[in-house]
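As a basis for the values below, the full set of heavy atoms in this structure was taken, side chains included, without hydrogen atoms, waters or symmetry mates.
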Amino acid sequence: MKQLLYTITLLLLLCACSRSAVEPSQYQPITQQASILPDITGATIPVNIAPLNFSVCGDSIDQCVARFDYPGGSVCFGENHRVMIEPEQWRQMLTRCVGDSLYVTLYTHSAATGWLQHPRFGIEVVSDSIDRYVAYRLIPPYNTYERISLAYRDLESFDEVEYYNNQMLDNPQGGHCVNCHAFQSNRPNRYQLHVREEYGGTVVYNEGRWGKYNMKLPNTISGAVYPAWHPTLPLIAYSVNKTFMEFHTNGLTKSEVQDTQSGLILYDADHERVIPICDEPDLLETFPTWSPDGQWLYYSSACFTYQEADALDPDNRHRIKRQHEVTNRYREVRYDIYRRRFDARQLSFGEPQLVLNASADSLSATLPRISPDGRWLLTSIGGYGCFHVYHPEADLRLDDLSTLGQMGQIDSIASTKAIAPANSPSAESYHNWSHSGRWIVYQSRRRDDNYTRLYFSYFDREGRAHKPFEMPQADPDYELLHLRSYNIPEFLLDPIPFSPAQLARTILTPTRNVKP
């Protein structure tokens, strides 16, 4: 028995050491940096992140070795074209590098060149830990229903938990859509999820209590769409929308989600009732979010006056005409950011205040998100429209809410330079803050302009974003074969407490009508 334990222990030790490599003794220094994926050169990372494994690009490269230098030591890793770091050694390195940089010297080998030494690069390590988990939806390109799953990752390891997928239920129509998940204040004890098609309804998990609801009232234009939990109360602000999707035949902007009508409602989860907030015929009001103190509701709003159809036609005869008009004039649709003061006792809202006048600069601002300290407004900015995930020009924009004037409008842009390191030439969108406000998660198409992947950017105490890093994977080639897009990332401080079976059972239950 002792011999067996000794053999097992030896094998485990050998496996733990198998990723290490030997630095080449003969090489030629060059000035050209190697191309690696994910690109971690110059990134800023938290002390508690999983190893940032990477691959070296280039068909001719048959071997690589990366030397990691940290205070008090160095270690080498490399295997074929991949650098896969032993987790325990990685944690030790990061602990020693807090407030400093971890330096990487990369060597690559090919039959034609022999060993080459590339310029050393640094990775800054900060003491501000990142929230341990991030939840997201995984979808095929352009959101077909063939397979959609909901999952969350432990960012301190490579563990992923799938807590639902749309193949769990027998559906003869070939799948159903689950979308717009939302959690309350980075905690999973309050949760909501929309289910479309055969099992349609809005699932609400309210501190252990489940329900599935039809959120449509006779006087609202649709059921609930884009959600935002109040930071502390059992309330959810929603937009109500009539949207449709258009596809393009060329260019990087392959499709558009266009909004023909929208407004805002408030759902009281404890009393299962819906309270209308606003529904102006010439305004498209969508993407609500709360201030951290719960006293303000922010949202995107565009003014669009229909010229060819009656937007209030009760029997919906002009729906197709409205769609055609929106499509033909869609580059005119630009959103600004507004807010309304919230009275928690009366569950009522004040008059709208203009916060960010993006349309004045021929821009469109959507998905407002307020930093936990209440100071910073982070939006997705594009040339037009509301769904910037498909727009290559879309970037994150940062504005300083402390510059709000007496009438509520921001007097000056905080700084394009402050958020610039988080952006790329490809689309950035669907951003969220960590509970501390030190980290931003968002989805970007920067790898290939097809799939959205998750990126994390450090946001320091001076209000500046740092170069982001892609969500780490155990196999750095994983994303090359993982033909799914990450969608709507949200930080979580705790693992999700319910099981896939509990969620599936709720999806199968009949919907209940909410009360007005």
A.B. asks: Closer than 4.0 angstrom, basic N to acidic O: yes or no for Asp460 and Arg464?
C.D. replies: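 A salt bridge is present here (some side-chain N lies under 4.0 Å from a carboxylate O).
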A.B. asks: Assess, by modelled atom type and distance only, whether the side chains of His388 and Ser380 contain a donor and an acceptor separated by less than 3.5 Å.
C.D. replies: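 Side-chain D/A pair, His388 to Ser380: present.
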A.B. asks: Only pairs at least two apart or in different chains count here, so list each salt bridge (charged side-chain N to carboxylate O under 4.0 Å, His left out) that has a residue in residues 260-278.
C.D. replies: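 Listed once each, the pairs are Arg209-Asp270, Asp268-Arg273, Glu272-Arg512.
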A.B. asks: If only atom types and distance count, is the side chain of His391 paired as donor or acceptor with the main-chain N or O of Ala394 below 3.5 Å?
C.D. replies: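 Not confirmed, His391 side chain does not pair with Ala394 backbone.
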A.B. asks: Is it the case that the side chains of Glu256 and Tyr384 hold a donor-acceptor pair, with the cut-off being a distance below 3.5 Å and no angle test?
C.D. replies: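 Distance-only check passes for Tyr384 and Glu256.
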A.B. asks: Thr452 side chain to Tyr486 main-chain N or O, any donor-acceptor pair under 3.5 Å?
C.D. replies: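 Side chain of Thr452 to backbone of Tyr486, a donor-acceptor pair under 3.5 Å: yes, one is there.
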A.B. asks: State plainly whether the residues Glu207 and Arg190 are in salt-bridge range, i.e. N to O under 4.0 Å.
C.D. replies: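 Looking at Arg190 together with Glu207, the answer is yes, because their closest N to O distance falls below 4.0 Å.
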A.B. asks: Assess Arg329 against Phe304: is NZ or CZ under 6.0 Å from the centre of the six-membered ring, and within 45 degrees of the ring's axis?
C.D. replies: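 Yes, cation above the ring, under 6.0 Å and within 45°.
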A.B. asks: So which atom in Leu193 and which in Asn179 form the shortest heavy-atom distance, rounded to 0.1 Å?
C.D. replies: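 Of all heavy-atom pairs spanning Leu193 and Asn179, the closest is CD1-O, 3.4 Å.
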A.B. asks: Between the side chain of Arg453 and the main-chain N/O of Glu479, is any donor-acceptor distance below 3.5 Å?
C.D. replies: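 Here the side-chain-to-backbone pair exists.
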A.B. asks: Can you sort out the partners of His181 under ring-ring contact (aromatic ring centres under 6.0 Å, His included), two or more places apart, ordered by chain and number?
C.D. replies: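 Per chain and number, His181 pairs via ring-ring contact (aromatic ring centres under 6.0 Å, His included) with no residue.
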A.B. asks: Going by an N to O cut-off under 4.0 Å, is there a salt bridge joining Lys467 and Asp39?
C.D. replies: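 Salt bridge present between Lys467 and Asp39.
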A.B. asks: What distance separates Tyr338 OH from Tyr298 OH, expressed to the nearest 0.5 Å?
C.D. replies: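 So the gap between those two atoms works out to 14.0 Å.
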A.B. asks: Is a donor on one side and an acceptor on the other found under 3.5 Å between the side chain of Lys212 and the backbone of Tyr199?
C.D. replies: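 It does hold such a pair.
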A.B. asks: Check whether the side chains of Ser149 and Asn166 place a donor and an acceptor atom closer than 3.5 Å, and report yes or no.
C.D. replies: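 Note: Ser149 and Asn166 side chains miss the donor-acceptor criterion.
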A.B. asks: Residues in ring-ring contact (aromatic ring centres under 6.0 Å, His included) with Tyr451, at least two apart?
C.D. replies: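 Partners of Tyr451 by the ring-ring contact (aromatic ring centres under 6.0 Å, His included) criterion come out as none, since no residue qualifies.
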A.B. asks: Strictly distance-based, threshold 3.5 Å: is any side-chain N or O of Trp376 a donor or acceptor partner for the main-chain N or O of Asp399?
C.D. replies: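 No; zero donor-acceptor contacts below 3.5 Å.
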A.B. asks: Taking side-chain contact (heavy atoms from CB on, under 4.5 Å) as the test, write out the residues that go with Glu428, two or more places apart.
C.D. replies: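 Partners of Glu428 by the side-chain contact (heavy atoms from CB on, under 4.5 Å) criterion, ordered by chain and then number, come out as Asp395, Leu396, Asn423, Ser424, Tyr442, Ser444, Arg446.
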A.B. asks: Any salt bridge (charged side-chain N to carboxylate O under 4.0 Å, His left out) involving residues 362-376? Give me the pairs, sequence neighbours left out, ordered by first then second residue.
C.D. replies: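 Matches after skipping sequence neighbours: Arg375-Asp400.
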A.B. asks: Would you tell me whether Gln192 and Tyr238 have side-chain atoms, one donor and one acceptor, within less than 3.5 Å of each other?
C.D. replies: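 The criterion, which ignores hydrogens and geometry beyond distance, is satisfied for Tyr238 and Gln192.
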A.B. asks: Please confirm whether the backbone N or O of Ser434 pairs with a side-chain atom of Asn186, one donor and one acceptor, at under 3.5 Å?
C.D. replies: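 Such a contact is absent between Asn186 side chain and Ser434 backbone.
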A.B. asks: Which atom pairs, one a donor and one an acceptor, fall under 3.5 Å between side chains of residues 341-349 and the rest of the protein, sequence neighbours left out?
C.D. replies:
residue: Arg341; atom: NH1; partner: Gln295; partner atom: OE1; Å: 3.4
residue: Asp343; atom: OD1; partner: Arg345; partner atom: N; Å: 3.0
residue: Asp343; atom: OD1; partner: Gln346; partner atom: N; Å: 3.2

A.B. asks: Would you check if the side chain of His466 reaches a backbone N or O of Glu124 as a donor-acceptor pair within less than 3.5 Å?
C.D. replies: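 Not confirmed, His466 side chain does not pair with Glu124 backbone.
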A.B. asks: Checking ring-ring contact (aromatic ring centres under 6.0 Å, His included) against Trp439, which of Tyr455, Tyr458, Phe491, Phe459 comes through?
C.D. replies: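 Of the listed residues Tyr455, Tyr458, Phe491, Phe459, the ring-ring contact (aromatic ring centres under 6.0 Å, His included) partner of Trp439 is Tyr458.
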A.B. asks: I'd like to know if the side chain of Lys242 and the backbone of Asp259 have a donor-acceptor N/O pair within less than 3.5 Å.
C.D. replies: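 Here the side-chain-to-backbone pair does not exist.
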A.B. asks: Is it true that Glu162 and Arg147 make a salt bridge, defined as a side-chain N closer than 4.0 Å to a carboxylate O?
C.D. replies: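 Looking at Arg147 together with Glu162, the answer is yes, because their closest N to O distance falls below 4.0 Å.
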